[in-house]
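Below is one structure, written out as structure tokens; comments come after it.
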Amino acid sequence: MSADAVAVTGLGMVTAGGPDVSSTWERIIQGSPTASDDPQLQGLPVTFSCRAETFRPEEILGRNYTWRMDRFIQLALAAAREAAAHAALKSDTVDPVRLGVIIGASGGTAANGAAWKKLFDNRPQGISPTTIPGGSANMAAGEVSLDLGAQGPGFCVSTACASGSSAISLARDLLRSNVCDVVVAGGSDSACSPLAAASFDKLRALSRRNHAPRAASRPFDADRDGFVLAEGAAVLVLERSEHARARRAPVHAYLAGGAMGCDAHHSTAPTPDGSGAARTITAALDAAGMEPRDIDHVNTHGSATELNDLSEARALRTVFGTPPPVTASKSVLGHSIAGAGAIEAALTVLTLQHQQIPPTANLDRVDDRIDLDVVTKAARPRAMHAALSTSFGFGGQNAALIFTRA
């Protein structure tokens with residue numbers, strides 16, 4: 001690897017599949033959906049979600065942390081701690097001024113929703129002083145920086161469903177430009193609030209399979225009817241390869257390329273022909289110095305909405321001609337909005353490590369208009385050196401990441 005290569009030295013995750021990397025991977029490789037009835041959403045048109053029910057923030061983080069944070073910050077901090085431990089990242093092995101933190105986030109819908117309710121009930125005196133610092137989008141990065149003692153660049157990226165992937169792509173830029181030696185990057189969201197559910201439902205973006213939640217998230221299926229809201233976070237420790245070697249850090253994969261772009265087409269809909277996504281994927285290939293034939297697998301955005309799945313399939317056909325085997329992790333974990341891209345990036349690293357492509361759940365009949373080799377029913381062993389992870393969000397936000405096996 002060249003001196004400016006970017007190593008992945010640590011992974012951390014909290015998802016509906018489990019409170020850490022190993023439990024999430026086990027659920028993903030089984031292809032077992034996590035959606036279930038959500039008591040907080042009862043009475044709404046959509047009454048289910050993918051919550052991280054086994055995540056106990058007080059046990060993992062301690063009471064001193066949890067009381068002042070919205071749940072998306074708790075999720076990010078727990079994932080960051082796991083990633084740092086996984087990377088053997090210690091204060092005496094990295095210059096804190098050259099340790100950066102970038103976390104993709106949307107902000108605290110739970111904290112903001114509770115505060116608005118008190119205002120509407122004419123009880124402004126009940127609003128907590130932690131409402132702003134405990135729910136602002138940038139505070140996931142802020143709290144992670146505090147926890148790790150990171151004094152380098154620390155900021156939030158908010159590009160809707162591409163936020164986590166955008167954060168990782170920007171982290172690569174900071175490392176390759178020699179601004180940082182290590183960047184802790186990822187995304188987090190707790191999107192299962194009544195406000196989010198009601199709003200996305202009005203956009204006709206959510207599945208309404210209230211009678212069968214586990215069967216609701218159906219990427220690329222002919223009978224798909226929308227995504228399933230979820231919560232979750234993932235954080236990657238990214239490091240200049242020479243710095244990782246110097247401190248004898250474990251290297252799990254390399255971030256070979258990353259790119260971001262915008263459709264400039266519509267506020268919520270992607271370009272029908274997938275041209276915006278195709279441009280971003282091509283830019284990521286260029287950044288990695290690769291050709292389409294070098295990619296062995298794609299972890300797709302695969303949101304299970306009518307327009308997005310079609311657009312993504314067309315983008316992949318445009319870039320690859322015949323795309324490599326793909327999977328859609330949201331079929332199991334749901335869509336954690338700002339956290340989704342980072343979660344799927346981490347899963348892509350694990351796919352390369354284990355040389356197994358996880359199955360896409362609930363895919364009974366591929367849409368006739370989608371000509372992709374979608375792995376389904378069971379995990380597929382495959383020799384893989386490089387894999388692509390894609391993320392697309394409202395506002396036409398596109399991000400693509402390419403990882404290679406260590």
Side-chain angles (χ1 to χ4, degrees), residues 6 8 11 13 15 21 24-25 28 102 104 157 159-172 185-187 219-220 232-236 238 252-261 274 277-288 290 292 294-303 308-309 312-313 315-316 319-320 323-333 335-358 360 372 374-375 382 384-393 397-406:
V6 173
V8 181
L11 300 174
M13 275 195 279
T15 70
V21 168
T24 296
W25 176 251
I28 280 286
I102 313 175
V157 177
T159 52
C161 310
S163 298
S165 297
S166 298
I168 293 168
S169 183
L170 288 168
R172 177 178 179 271
F220 305 120
V235 168
L236 282 64
L238 302 170
H252 307 287
Y254 292 96
L255 176 57
M260 297 174 289
R279 283 194 303 273
T280 302
I281 294 169
T282 300
L285 286 166
D286 290 344
M290 292 183 176
D294 297 324
I295 301 299
D296 302 306
H297 163 61
V298 182
N299 188 307
T300 64
H301 180 66
S303 66
N308 274 278
D309 285 6
E312 181 167 18
L316 293 175
V319 174
F320 293 100
V326 311
T327 193
S329 307
K330 293 181 181 71
S331 64
V332 172
L333 300 178
H335 192 352
S336 55
I337 314 299
I343 291 169
E344 289 152 17
L347 293 173
T348 303
V349 171
L350 292 168
T351 296
L352 289 172
Q353 281 189 303
H354 293 278
Q355 297 286 280
Q356 277 193 305
I357 302 174
T360 301
L372 295 175
V374 187
V375 176
R382 179 176 169 85
M384 293 171 283
H385 173 68
L388 167 71
S389 180
T390 58
S391 299
F392 313 115
Q397 306 289 341
N398 302 318
L401 303 170
I402 295 174
F403 295 94
T404 56
R405 193 180 185 195

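Side-chain atoms are counted along with the backbone in the values below, which use heavy atoms only and exclude waters and symmetry mates. Only a predicted model underlies this, so the values are computations on that prediction, with no experimental measurement involved. Note that the numbering runs from 1 along the sequence shown for the chain.
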So, do [X] and [Y] sit near enough that their side-chain heavy atoms are less than 4.5 Å apart?
{"X": "Val375", "Y": "Val326", "result": "no"}
{"X": "Leu333", "Y": "Leu347", "result": "yes"}
{"X": "Leu316", "Y": "Ile281", "result": "yes"}
{"X": "Val319", "Y": "Leu285", "result": "yes"}
{"X": "Thr348", "Y": "Leu401", "result": "no"}

Keeping the roles fixed (side chain from [X], backbone from [Y]), state whether a donor-acceptor pair exists under 3.5 Å.
{"X": "Arg172", "Y": "Val6", "value": "no"}
{"X": "Gln355", "Y": "Met384", "value": "yes"}
{"X": "Asn398", "Y": "Phe392", "value": "no"}
{"X": "Glu312", "Y": "Thr300", "value": "no"}
{"X": "Asp309", "Y": "Pro219", "value": "no"}

Between [atom1] of [X] and [atom2] of [Y], what distance do you get to the nearest 0.5 Å?
{"X": "Ile295", "Y": "Thr404", "atom1": "CD1", "atom2": "OG1", "answer": "9.0 Å"}
{"X": "Tyr254", "Y": "Leu352", "atom1": "OH", "atom2": "CG", "answer": "13.0 Å"}
{"X": "Asp286", "Y": "Ile402", "atom1": "CG", "atom2": "CD1", "answer": "9.0 Å"}
{"X": "Asn299", "Y": "Leu388", "atom1": "CG", "atom2": "CG", "answer": "8.5 Å"}

Can you give me the closest heavy-atom contact between [X] and [Y], atom names plus distance?
{"X": "Gly341", "Y": "Ser389", "result": "O-OG, 4.5 Å"}
{"X": "Ile168", "Y": "Ala342", "result": "CD1-CA, 4.0 Å"}
{"X": "Thr15", "Y": "Ala233", "result": "CG2-O, 4.5 Å"}
{"X": "Ala234", "Y": "Met13", "result": "CB-CG, 3.6 Å"}
{"X": "Ala171", "Y": "Leu238", "result": "CB-CD1, 3.7 Å"}
{"X": "Ala328", "Y": "Ser331", "result": "O-OG, 2.8 Å"}

Applying side chain to side chain donor-acceptor pair (under 3.5 Å), name anything that partners [X], two or more places apart in sequence or on another chain.
{"X": "Gln353", "result": "His252"}
{"X": "Gln397", "result": "none"}
{"X": "Thr280", "result": "none"}
{"X": "Thr351", "result": "none"}

- Query: Hey, mind stepping through Ile337 and His335 against side-chain contact (heavy atoms from CB on, under 4.5 Å) and telling me if it holds?
  - Reply: CA-CA 6 Å; Ile337 314 299; His335 192 352; 4.1 Å; yes
What donor-acceptor contacts under 3.5 angstrom involve side-chain atoms of residues 159-166, with partners at least two apart or in another chain?
from	atom 1	to	atom 2	distance (Å)
Thr159	OG1	Ala162	O	3.3
Thr159	OG1	Ser163	N	3.2
Thr159	OG1	Ser166	OG	3.0
Ser163	OG	Thr159	N	2.8
Ser163	OG	Ala160	N	3.2
Ser163	OG	Ala160	O	2.6
Ser165	OG	Ser391	OG	2.6
Ser166	OG	Ala162	O	2.8

- Message: Check the orientation of Trp25 and His354. Use parallel for under 30°, tilted for 30 to 60°, and perpendicular for over 60°.
- Response: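 The arrangement is parallel - the two ring planes meet at less than 30°.
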- Query: Under 3.5 Å, is there a donor-acceptor pair linking the side chains of Thr360 and Thr327?
  - Reply: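 Looking only at side-chain atoms, Thr327 and Thr360 do form a donor-acceptor pair, the distance falling under 3.5 Å.
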- Sequence neighbours excluded, the answer for ring pair (Phe, Tyr, Trp, His ring centres under 6.0 Å) partners of Phe403 is none
- Task: Using the side-chain contact (heavy atoms from CB on, under 4.5 Å) rule, take Ser336 and Ile343 through it: C-alpha gap first, then chi angles, then the decisive distance, then the call.
- Result: CA-CA 9 Å; Ser336 55; Ile343 291 169; 3.4 Å; yes
